[in-house]
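For reference, the structure is listed below as structure tokens.
Keep in mind that the numbers below use all heavy atoms, side chains included, and drop hydrogens, waters and symmetry copies. Chain A is the first sequence line, chain B the second, and so forth, proteins listed ahead of strands; every chain is numbered from 1. Remember, predicted model here, so these are calculated numbers, not experimental data.
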Protein chains: 2
Amino acid sequence: MMPKYLQIYQQLVDRIQNGTLPAETKLPSETELMHEFDASRGTVRKAIDALQDKGFVRKHQGKGVFVLSQDAIAFQFNGIVSFSEAHRQMGQHDVTTDVLSCEVIEATTELAHLFHVTPGTPITQVKRVRTIDGERVIFDINLFVSSLVPGLTKEIATESIYQYIEQTLGRQISYAKRKIEAQPATEEDRKYLDLEGTSHVIVITNDTYYYEGQHFERTESRHRLDKFQFTDIARR
Amino acid sequence: MMPKYLQIYQQLVDRIQNGTLPAETKLPSETELMHEFDASRGTVRKAIDALQDKGFVRKHQGKGVFVLSQDAIAFQFNGIVSFSEAHRQMGQHDVTTDVLSCEVIEATTELAHLFHVTPGTPITQVKRVRTIDGERVIFDINLFVSSLVPGLTKEIATESIYQYIEQTLGRQISYAKRKIEAQPATEEDRKYLDLEGTSHVIVITNDTYYYEGQHFERTESRHRLDKFQFTDIARR
DNA sequence: GCTCATTTGTCCGTATGTATT
DNA sequence: GAATACATACGGACAAATGAG
């Protein structure tokens, strides 16, 4: 049973997304929502606070709660949004993923230090290439602490690994640190990507942590310069 | 008068930052905090929720509230953290800012469309170069809708423009959209930056909006490839 | 496996303050 | 000034998760 405040939240999100509550319009007041959902004021307020946290509305003391324009929300698919990810959602491009390798290696001292495990600990390494409209433009290297992501197979790596972790393993992801920088292309980059003469690649290093604080993954995502784009929205 | 829940929040932040409440330790329970601060449970909970939102603690039903390690917080300087910004805070580098120009231009049809104003509207344009350890590595172009940021001078541009907006003008910034991508270096890039033969620059386009929703600024920050780094933390 | 105390999560009702119209 | 709407604060009750015994 979902908490009541989340049910109210969800129904309001639905109304915003299906156009019942278009941008700029005022939400019903807290008192009206109390009666409509037969809830206390605190419960209604919690739902509205969640809406504001997610960027759907903005509250103004004395005036009311107003729906924000959708483009800001659409912009807000946070997480890493590369050229491919952004356009895959639009359905405009032909994107394929090839798993080059999926094997268990032993943690080097460097990896052991990174993940806070002992050297020799099994690490699952996945290398993938993403092809967009016939050009190989993204080269991904995933490293997982094997014991923290059991049962990972090549088939799963082709689909969404995060979906596997959250739904099949039932573990909750807490936060991810990201770093974006440019690096000179390596031999491996040149081997697996269609670099077309560019000397550098954009590297996104992503470290992901479970709710309990365990660092279970590092992913290096290496993008061809001209096919890279990252968008983000920062709220105060 | 600061609200009580923010006072409690602030005191707890202080304890975390000065080491009274080190990482991994458990906060006093809600009941204990109620007595200590002579507040109701709801007020104490609001303070703790704020702590969790800012990434200081993590709540666990049935267990308690635990202080998170500081490195995740230190990492969490949101906003754009380029090579220079990150290292200026460390005080390790010699960073200077030169204002190349600061003038009022008329909005082209393109700019008018971007800011939702009529063509010809005054736009304040500031061009700056950031020099780090003697190398010119960042070229910034700021565009402000003049009427929304009145009184902007060359002197202010040398210091922090955001500080001027929030403190002197007393306006609140709501959110910023960011885009990061690579572009071929322009002639202007080559003129103002020490590119050392690199063909591309990293461009960060930043659009900033006031609380009321007005789009008042676009900044293009053009970085030399090898001196660029962006870090970020994404929480679920 | 079960009970029990502890701790956080949800929900309700009420009162008062502050900003806007 | 009055009415409306959100902000803060208090109190009480029960549910759900955790850990100790």
Side-chain angles (χ1 to χ4, degrees), chain A residues 1-12 15-16 21 24-68 170-172 174 210-214 235-236, chain B residues 1-12 16 21 24-68 170-172 174 210-214 236:
Chain A
M1 183 58 175
M2 221 195 300
K4 196 183 231 180
Y5 77 93
L6 281 182
Q7 296 178 30
I8 299 174
Y9 164 80
Q10 193 52 56
Q11 291 198 43
L12 293 175
R15 290 185 202 172
I16 291 171
L21 287 170
E24 310 297 323
T25 58
K26 195 170 91 65
L27 252 65
S29 73
E30 291 173 355
T31 350
E32 290 174 289
L33 292 173
M34 282 170 64
H35 295 131
E36 175 179 350
F37 293 105
D38 190 32
S40 75
R41 181 141 177 260
T43 305
V44 168
R45 280 179 63 77
K46 225 175 158 183
I48 298 176
D49 287 347
L51 283 176
Q52 176 157 278
D53 284 346
K54 299 290 182 189
F56 287 105
V57 301
R58 167 128 283 152
K59 305 208 279 183
H60 286 276
Q61 184 174 2
K63 293 172 72 175
V65 181
F66 297 87
V67 180
L68 292 179
R171 298 217 52 169
Q172 201 179 340
S174 169
Y210 281 138
Y211 192 83
E212 291 77 10
Q214 296 150 308
R235 290 178 190 281
R236 290 250 169 147
Chain B
M1 182 57 177
M2 219 196 300
K4 196 182 227 181
Y5 77 93
L6 281 182
Q7 296 179 30
I8 299 174
Y9 163 81
Q10 193 51 56
Q11 291 198 44
L12 293 175
I16 290 170
L21 286 170
E24 312 295 320
T25 57
K26 193 170 92 63
L27 252 64
S29 72
E30 291 174 355
T31 357
E32 290 174 288
L33 291 173
M34 282 170 64
H35 295 131
E36 175 180 350
F37 292 104
D38 190 32
S40 74
R41 184 153 172 247
T43 305
V44 168
R45 282 178 63 77
K46 224 174 159 185
I48 298 176
D49 286 347
L51 284 176
Q52 176 158 277
D53 284 347
K54 299 291 182 189
F56 287 104
V57 301
R58 168 127 284 153
K59 306 208 278 184
H60 286 276
Q61 184 173 1
K63 291 172 74 175
V65 181
F66 296 87
V67 180
L68 293 180
R171 298 217 51 171
Q172 199 179 340
S174 169
Y210 280 139
Y211 192 82
E212 291 78 10
Q214 296 150 308
R236 291 251 169 145

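- Atom-to-atom, OH of A/Y5 to P of C/dG9 comes out at 9 Å; the value is rounded to the nearest Å.
- Closest-nucleotide positions on DNA chain C for A/D38 and B/P28 were compared, and the one nearer the 5' end corresponds to B/P28.
- Between the CZ atom of B/R41 and the C1' atom of C/dT6 there is a distance of 11 Å, rounded to whole Å.
- A/R45 places its CZ atom 15 Å from the P atom of C/dC12, with the value rounded to the nearest Å.
- In this structure, A/T43 does not reach the C/dT10 phosphate: none of its side-chain N or O atoms is under 4.0 Å from OP1 or OP2.
- Between B/K46 atom NZ and C/dT10 atom P the separation is 16 Å, expressed in whole Å.
- A donor-acceptor contact under 3.5 Å is formed by the side chain of B/Q61 with the base of D/dA16.
- Here B/K63 does not reach the OP1 or OP2 of C/dT8: none of its side-chain N or O atoms lies under 4.0 Å away.
- Atom CG of A/L33 is separated from atom P of C/dC12 by 13 Å (rounded to the nearest Å).
- Backbone-only contact: A/G64 has heavy atoms under 4.0 Å from sugar-phosphate atoms and none from a base.
- Counting to the nearest Å, the P atom of D/dT4 and the NE2 atom of A/H35 are 13 Å from each other.
- Atoms CD (B/E30) and C1' (D/dA17) sit 13 Å apart, rounded to a whole Å.
- Taking atom NZ of residue A/K59 and atom P of nucleotide C/dT18, one finds them 18 Å apart after rounding to whole Å.
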